[in-house]
Amino acid sequence: MKGFTSRIVHSDRQAAIEHGSLQKPVHATVAYGYDDARELAAVFQGKQAGFTYGRQVNPTVEALQDKVTGMENGVATVCFGTGMAAIGTMLFALLRAGDHFVSSAYLFGNTNSLFNSFSAHGVEVSFADATDVAAVAAAIRPETKLIFVETIANPVTQVAALTEIGRLAADRGLVYVVDNTMTSPYLFQPKDVGASLVINSLTKYIGGHGNALGGAVTETGVYDWRGFDNIYDIYRKGDAAKWAVAQIKKKGLRDFGAALGPEAAHHIAVGAETLALRMERQCANARALAGYLADHKLVNAVYYPGLQSHPQHQRAAELFRHPGALFSFELDHGVDIWEFMNRLKVVIKSSNLGDNRTLAIPVAHTIYYEMGPERRASMGIDDSLIRISVGIEDTQDLLDDFAQAFAAVG
Ligand SMILES: *Cc1c(COP(=O)(O)O)cnc(C)c1O
């Protein structure tokens, strides 16, 4: 089966089916017992396949890991309790004091906060304009180990120079980490631009229903870890394309403990079956709404890669199946942001993204509040900026909702 959705919905059947169950069952267990103690030891030593302890492995979580690996066309995946846990644990497992990494300056707010914490622990970060490969190249130092970028940045939707940064990372032998959350593997597979590791917050589009938190790191098989001196000797075994995942699993997931639970894994796996269907609808809705707002006299600006006016419109068109389902816009300064938002009836005032429901958030006052006005200004975040995560509602209901809110305040 070649199709994206066919592969997802039949993924569980690639392993042994339990009791004919078409969904991978929820294995609500922490421990796994063995009749023969030698078998238990063999599993611990990696000489035999099997399960040791729920913090590291669970059959329901493994089935989801296989699904995500398939979606990203990778070689292995480790799941975590949240997307932040995936990012934090990946860096914790791969970098050491004295190392440096380059990150896109356009980042999910909590990732920005996390990277600053790493600086306090001796792993330095430089933020660079990732829409421009020259800016990323200029930030590289002798002790740089890794480059981290998001595909479409949130909330102003800058599109990173993904292809060019991939070539740069390959030339310099750097690990290239791409956070694919905003595009999801349906719109884009970072392996195609040479990513070494792919991050997905499973909480967002992959789960889709806003009912479970989860995160994943997928190894693409592109990077040759033999040249990466931070891999411990004990993990330098077998296929060198999978060494990072082995170390992230042991030094990261096992030792740090941010495990994904089996119930959440089940919710996410069920959600993942309709990723392509939801994304088609959400992206079509986003195009319609962004187009409507771009022409509205009470709107100063709309940031959506699907619009011709977007600085990376062409790049997004070349890289992504669709330009995403998230955009943001600035209200005319004569419009009171609170009054406008409170008039919306279908659109929900909420901080999540990737939900089936359309969600709106006043960015400067919430998710970017803690970073302060200067960093906000440097990221182009105006006080009137509203981020919209577009859901699967019927298009006309969404257009009508915005129209009545504007009519009430205009
Ligand atoms: C939400 C998000 C994360 C973090 O994911 P959680 O599951 O909420 O921890 C990371 N990166 C991006 C781009 C996100 O949108």
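Order of listing sets the numbers, starting from 1, for every ligand and every atom in it.
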Aromatic ring proximity, centroids under 6.0 angstrom, Tyr106 and Phe127: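 No.
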
Between Tyr205 and Tyr186, ring centroids under 6.0 Å: no

Polar contact flag for Asp179 and ligand 1 (N/O pairs, less than 3.5 Å): yes

Ligand 1 to Phe108 polar contact by distance, N or O atoms, under 3.5 Å: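 No, no N or O pair falls under 3.5 Å.
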
List the closest protein heavy-atom neighbour of [atom]: residue, atom name, distance to the nearest 0.1 Å.
atom	result
atom 6 (P) of ligand 1	Gly83 N, 3.3 Å
atom 9 (O) of ligand 1	Met84 N, 2.8 Å
atom 5 (O) of ligand 1	Ser201 OG, 3.0 Å

Salt bridge flag under 4.0 Å for residues Glu393 and Arg281: no

Salt-bridge contact Lys345-Asp400 (side-chain N to carboxylate O under 4.0 Å):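 Judged by the 4.0 Å cut-off on N to carboxylate O distance, Lys345 and Asp400 do not form a salt bridge.
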
Options Lys204, Glu150, Met182, ranked by nearest heavy atom to atom 15 (O) of ligand 1, top entry: Lys204

Those atoms of ligand 1 less than 4.0 Å from some heavy atom in Thr203: 6 (P), 7 (O)

Sub-4.5 Å side-chain heavy-atom contact between Lys349 and Asn342: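 Sidechains of Asn342 and Lys349: in contact.
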
Heavy-atom check, side chain of Glu330 versus side chain of Leu385, under 4.5 Å: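 The answer is yes; the side chains approach within 4.5 Å.
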
Heavy-atom gap Gly214 to ligand 1 smaller than 4.0 Å: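 It does; at least one heavy atom falls under 4.0 Å.
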
